[in-house]
2 protein chains.
Amino acid sequence: MPAVAEHLPISPQHQAELLAADAIGDIIEHWGFRKVLGRVWTVLFIAAEPLPAASIGERLAMSAGATSMALTELQRWGVVKRVWRPGERKEFFEAETDFWKMISKVFSERERLLADSVRERLETAAKLLRSAPPGPLTKASTDRVERLLSFVLVAQTALEGFIKSRQVDFSPFGNLVSFPLRVAKGKKEG
Amino acid sequence: MPAVAEHLPISPQHQAELLAADAIGDIIEHWGFRKVLGRVWTVLFIAAEPLPAASIGERLAMSAGATSMALTELQRWGVVKRVWRPGERKEFFEAETDFWKMISKVFSERERLLADSVRERLETAAKLLRSAPPGPLTKASTDRVERLLSFVLVAQTALEGFIKSRQVDFSPFGNLVSFPLRVAKGKKEG
DNA sequence: TAGAACTTTCAAAAGGTTCTGAAAGTTCAA
DNA sequence: TTGAACTTTCAGAACCTTTTGAAAGTTCTA
């Protein structure tokens, strides 16, 4: 087996599969996952029947190791399932087809984690500024950090509502997101 | 100047600033920008007054080059503005404070670009599958690719509506996002 | 129990991204 | 026009992420 990529003639089916897999890979990457996870899921989704790991690796030109890791991670996210085929030695895998289930899982696990960590740090920052030493701009800075915090809180609430109702209303952001903010009005500094 | 990071005593203000900057950096990174862009914007936002590039670099321990590149990119996204100070040689920078303006700019430029590119590729894939050679699973695969395409189209529409109205309604996804999908019903294959 | 078929793990390599630092570029005052 | 102050650019360095490939592990059959 040569070390260079082989460019065998590709069937239209395979070509379509690669095109779609890579497109969905880009979306998935944009959501902070590895592109390969999106590609593997898409191959399974398009196949419309369970596939063995080796077949996936072959279609996407991945090593057995990479295929195994991708499938493990996809299962951890509940978007791919292992399927047992009577009489088959190897395992088969199939794609979860319920998009909403996938979306809400990602939002409720991963996004919440990030939002929580950000909220905590902003709270600490606000506390530091409030409790500590008075300077010419400390008050203004405290206001700004508090505004960031409000924003994160509202966003977090909106996201949670979204998962429950499938609707997001950003109206509550009101003048929180969009405000002209008098900038250190009437003040000058060196 | 030593090559190692110096750990001078840090004022509570500075500590708060770094904490908040890094938290917002994490959010921004999650949206596909460099973390440093989030940190620079946050320092400017918290400062609540225009700052010179050198001051930003100092606070975040960045080189002049990195600071310059970050500020250029932030301006390109319209989230930081250059400010001229009469009598000052150097340039000052201030943060855009209208969150909504920032969000909608990112959505309408960057997200749309991604969605368009994905849509195009899925359309090509669907075309390839439809026009080409009949196989036992080609019909099922075509259906799947078409479903991905519908999903992207609905998502794109929802995002555009969101930017216009500040509301997203994912109800139109209806059974598009959540469907039990009869899986190759009544068919078996080797 | 031995061995074949298959899967998982992980250290090292490859590949990608971001930052540094110095040189080039720009602007302004004199 | 010169030189000081400041900014930008970019090649190489540093850093981070992902993949490979081979060894170890697992499961099943005989």
Side-chain angles (χ1 to χ4, degrees), chain A residues 1-6 21-22 25-26 28-41 43-44 50-77 80-94 110 190, chain B residues 1-6 21-22 25-26 28-41 43-44 50-77 80-94:
Chain A
M1 184 71 81
V4 298
E6 294 182 59
D22 204 54
D26 281 350
I28 254 47
E29 186 176 37
H30 189 260
W31 284 96
F33 298 90
R34 284 181 299 139
K35 210 169 166 178
V36 76
L37 297 187
R39 288 199 286 245
V40 167
W41 178 85
V43 163
L44 288 174
L51 297 179
S55 167
I56 300 166
E58 203 178 315
R59 289 161 193 238
L60 292 175
M62 301 163 63
S63 71
T67 309
S68 167
M69 286 189 297
L71 286 168
T72 303
E73 199 167 343
L74 287 168
Q75 281 170 276
R76 212 181 57 64
W77 281 102
V80 159
K81 279 188 221 127
R82 206 174 276 262
V83 173
W84 177 63
R85 285 284 186 91
E88 290 276 6
R89 184 69 164 285
K90 58 194 163 216
E91 310 265 14
F92 285 70
F93 299 87
E94 71 179 2
R110 173 197 272 261
Chain B
M1 183 70 84
V4 298
E6 294 180 59
D22 204 55
D26 281 350
I28 254 49
E29 185 176 38
H30 189 261
W31 284 96
F33 298 90
R34 285 180 299 138
K35 210 170 167 178
V36 75
L37 297 187
R39 288 199 286 245
V40 167
W41 178 85
V43 162
L44 288 173
L51 297 179
S55 168
I56 300 165
E58 205 178 311
R59 289 162 192 237
L60 292 175
M62 301 163 63
S63 72
T67 310
S68 166
M69 285 189 297
L71 287 168
T72 302
E73 199 166 344
L74 287 168
Q75 281 170 276
R76 212 180 58 65
W77 281 102
V80 159
K81 278 187 220 126
R82 208 175 275 260
V83 174
W84 178 64
R85 284 285 185 92
E88 289 275 9
R89 184 67 165 286
K90 58 194 163 217
E91 310 264 16
F92 284 70
F93 299 87
E94 70 179 4

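Quick note on labels: first sequence line is chain A, next is B, and so on, each numbered from 1.
Remark: C1' of D:dT18 and CG of A:Leu37 are 11 Å apart, rounded to the nearest angstrom. The distance from atom CZ of A:Phe33 to atom P of D:dT18 is 12 Å, rounded to the nearest whole Å. Rounding to whole angstrom units, CZ of residue A:Arg34 and C1' of D:dC16 are separated by 14 Å. In this structure, the CG atom of A:Leu60 is 11 Å from the P atom of D:dT19, given to the nearest Å. Going from atom CD of A:Glu91 over to atom C1' of D:dT26 covers 11 Å, rounded to whole Å. Following rounding to the nearest Å, A:Lys90 (NZ) and D:dT26 (C1') show an atom-to-atom distance of 17 Å.
For D:dT29, its base never sits under 3.5 Å from the side chain of A:Arg89 at any donor and acceptor pair.
Interatomic distance, B:Leu51 CG to B:Leu44 CG, rounded to the nearest 0.5 Å: 5.5 Å.
The residue from B:Arg34, B:Lys35, B:Arg39 that alone fulfils the salt bridge (charged side-chain N to carboxylate O under 4.0 Å, His left out) condition with B:Asp26 is B:Lys35.
Outside the 6.0 Å centre-distance limit, the rings of A:Trp41 and A:Trp77 are not counted as a close aromatic pair.
Chain A approaches DNA chain C over the interval C:dA4 to C:dC10, counting the first and last nucleotide 5' to 3' with an atom under 4.0 Å from its heavy atoms.
Nearer to the 5' terminus of DNA chain D, by closest-nucleotide assignment, is the contact made by B:Pro52 (compared with the other of B:Met69 and B:Pro52).
Checked against salt bridge (Lys or Arg N to Asp or Glu O under 4.0 Å), B:Glu58 has no partners two or more places apart in sequence or in another chain.
Ion pairing between A:Glu94 and A:Lys81 fails under the 4.0 Å rule for side-chain N and carboxylate O.
Within the 3.5 Å criterion, the main-chain N or O of B:Val40 finds no donor-acceptor partner in the side chain of B:Arg59.
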